[in-house]
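Computed from a prediction, not measured in an experiment: that's the story for all the values here. Convention: sequence-line order gives letters A, B, ...; per-chain numbering from 1.
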Protein chains: 2
Amino acid sequence: MICLTESVWAPPDLPTGIVGRMCRTPPPAGRKGRPRSLEADAAILSATREALVDLGWSKLTMGDVAARAGVAKTTLYRRWAGKSELVVDAVAVLFDELELPDLGSLAADVRGVVLQFAALLERPEARTALMAVVAESTRDEALRARIRHAIVDRQKRLVLEGRRRAQERGELPYEADESAASRTADLIFDVVAGAVVHRSLVSAEPVDGEWARAFTGLLLGGLTAPSPG
Amino acid sequence: MICLTESVWAPPDLPTGIVGRMCRTPPPAGRKGRPRSLEADAAILSATREALVDLGWSKLTMGDVAARAGVAKTTLYRRWAGKSELVVDAVAVLFDELELPDLGSLAADVRGVVLQFAALLERPEARTALMAVVAESTRDEALRARIRHAIVDRQKRLVLEGRRRAQERGELPYEADESAASRTADLIFDVVAGAVVHRSLVSAEPVDGEWARAFTGLLLGGLTAPSPG
DNA sequence: AGCTTTCGCTACGACTCGTAGCGTATATCT
DNA sequence: AGATATACGCTACGAGTCGTAGCGAAAGCT
């Protein structure tokens with residue numbers, strides 16, 4: 001359901017919750033023969049995150065991951081086309097941890113999502129992997145789609161949820177034009193996620209409560225509004 | 001003057017304009033002997049950009065760049081420690097082309113800088129290189145500093161210039177507290193640059209006039225302000 | 001001149017890549 | 001049960017890249 005591309009696949013009979021995570025090269029169409037080991041899947045993805053922490057993106061090798069997972073190198077290549085695809089799937093689960101508790105106001109919810117996303121970017125696996133796979137995806141449309149389904153959509157849910165709540169509270173208007181509303185949501189998503197990523201990885205400065213408060217003030221009130229304080 | 005790290009160096013007697021670009025491994029302290037060829041420098045950086053267009057970041061190799069530049073591989077390693085450093089310097093010059101003509105209003109200036117930066121990110125050299133070197137820099141402090149001096153500072157100038165103009169026009173207040181003003185400028189920079197990068201490379205959707213207008217409206221007026229149109 | 005450094009070239013060991021072949025294990029289909 | 005089909009671990013392989021070393025020749029500085 002999450003995997004739309006032909007080159008990815010999900011086992012048909014799994015609890016719905018984890019289907020979204022299983023994105024790998026499909027086994028030949030027929031359903032005969034020995035099935036792929038789910039333990040191997042988990043071990044490989046876990047080993048990949050571990051290797052990302054220890055080695056970073058550029059020094060991570062398929063052979064090293066296979067050794068850490070206690071698995072043959074050929075087993076990796078049977079499931080993933082390469083390093084990029086493997087890392088996307090390995091990091092994707094981190095984004096499942098993102099949640100957006102209702103903090104009572106739009107401003108508080110924005111600060112909450114900013115700090116949550118920032119905390120995720122503090123983790124070395126995510127830091128080193130995210131930018132790297134995005135860089136790879138600039139020349140690989142399939143990889144871009146995989147990132148969108150495995151990572152971006154998981155983040156975007158938070159924005160949509162936050163907006164829905166704000167509309168119910170009366171803090172934001174319901175937009176009549178659906179396509180315009182969609183464009184607005186995309187815009188807000190790019191602004192929030194982009195700003196946090198840029199602050200954290202490019203400017204390399206902390207996304208703390210103070211910054212989150214300043215950012216939220218700017219996002220809600222705008223540049224020309226008088227700053228609160 | 002731009003190169004602050006010990007591991008980088010600039011020739012002492014060059015026109016001030018290009019000093020900022022020359023950031024490479026320094027020759028041994030003494031100033032005797034045959035000087036390094038400036039033609040080789042230019043050829044290598046040009047060949048690097050060309051290779052980025054043809055091959056992208058991941059398939060770009062030092063050997064290939066050397067061949068394109070008509071230079072021995074050892075000549076590259078004498079100047080740059082590795083692929084990351086070389087690519088940062090090769091791409092840095094692209095950011096010199098960024099300019100911010102006075103368009104008469106803060107809104108117009110924001111739209112202008114957004115579209116200029118977006119146009120830069122349309123170039124395949126920049127697309128594939130920027131995220132890759134940022135990803136590398138997450139585990140390399142020296143590389144992070146190099147990126148800051150060679151790339152980030154060049155962008156930030158535009159933000160500072162735009163704010164100065166807006167203050168002169170009376171569109172933005174002069175902030176008394178200097179450190180607070182600096183924090184605000186950093187925030188705006190991360191929001192603008194981050195949003196454009198995220199839209200262009202992660203969401204992989206066009207940064208056109210329509211998006212620039214919507215973004216500018218959001219930045220100036222904020223979420224809670226009624227959108228114009 | 002004499003000294004110092006760079007340059008192009010070749011060669012090298014170490015590493016990674018992605019694939020192929022083998023024998024064995026584990027599932028489904030008849 | 002037996003046949004079939006696939007996954008698995010293992011080993012081995014050619015190809016490509018890395019970063020460095022050594023060489024003789026070239027080019028500037030004092």
Query raised in the report: Between B:Gly33 and B:Thr75, who's closer to the 5' end of DNA chain C by nearest nucleotide?
Result: B:Gly33

**Report entry** B:Ser37 side chain near D:dA27 phosphate (N/O to OP1/OP2, under 4.0 Å)
**Finding:** no

Requested in this report: Report the nucleotide, chosen from C:dC7, C:dC17, D:dA7, that has the shortest atom-to-atom distance to any side-chain atom of A:Tyr77.
Outcome: C:dC17

Query raised in the report: Between C:dA20 and A:Arg78, is there an OP1 or OP2 to side-chain N/O distance shorter than 4.0 Å?
Result: no

Query raised in the report: Out of D:dT20, D:dT6, D:dG28, which nucleotide sits closest to the side chain of B:Lys73?
Result: D:dT20

Query raised in the report: Between C:dC17, D:dC8, C:dA27, which one does the side chain of A:Pro35 approach most closely?
Result: C:dA27

Query raised in the report: Among C:dC7, C:dA25, D:dT17, which nucleotide sits nearest the side chain of B:Thr61?
Result: D:dT17

Report task. Would you please confirm or rule out a distance under 4.0 Å between OP1 or OP2 of C:dT4 and any side-chain N or O of B:Arg34? Result -> no

Requested in this report: Choose from C:dC29, C:dG8, D:dT20 the nucleotide whose nearest atom is closest to any side-chain atom of A:Lys32.
Outcome: C:dC29

Report task. Would you please test A:Arg154 and A:Leu98 for side chain to side chain contact (heavy atoms under 4.5 Å, CB included) and show each step? Result -> CA-CA 8 Å; A:Arg154 284 183 167 83; A:Leu98 290 178; 6.0 Å; no

Query raised in the report: Does CD belonging to B:Glu99 count more than 12 external heavy atoms closer than 6.0 Å?
Result: no

Report task. Please assess A:Ile188 against A:Thr184 for the test side chain to side chain contact (heavy atoms under 4.5 Å, CB included), listing each intermediate value before the final yes or no. Result -> CA-CA 6 Å; A:Ile188 294 169; A:Thr184 303; 3.9 Å; yes

Report summary line: The nucleotide from D:dG9, C:dT10, D:dC18 with an atom nearest the side chain of A:Thr74 is D:dG9

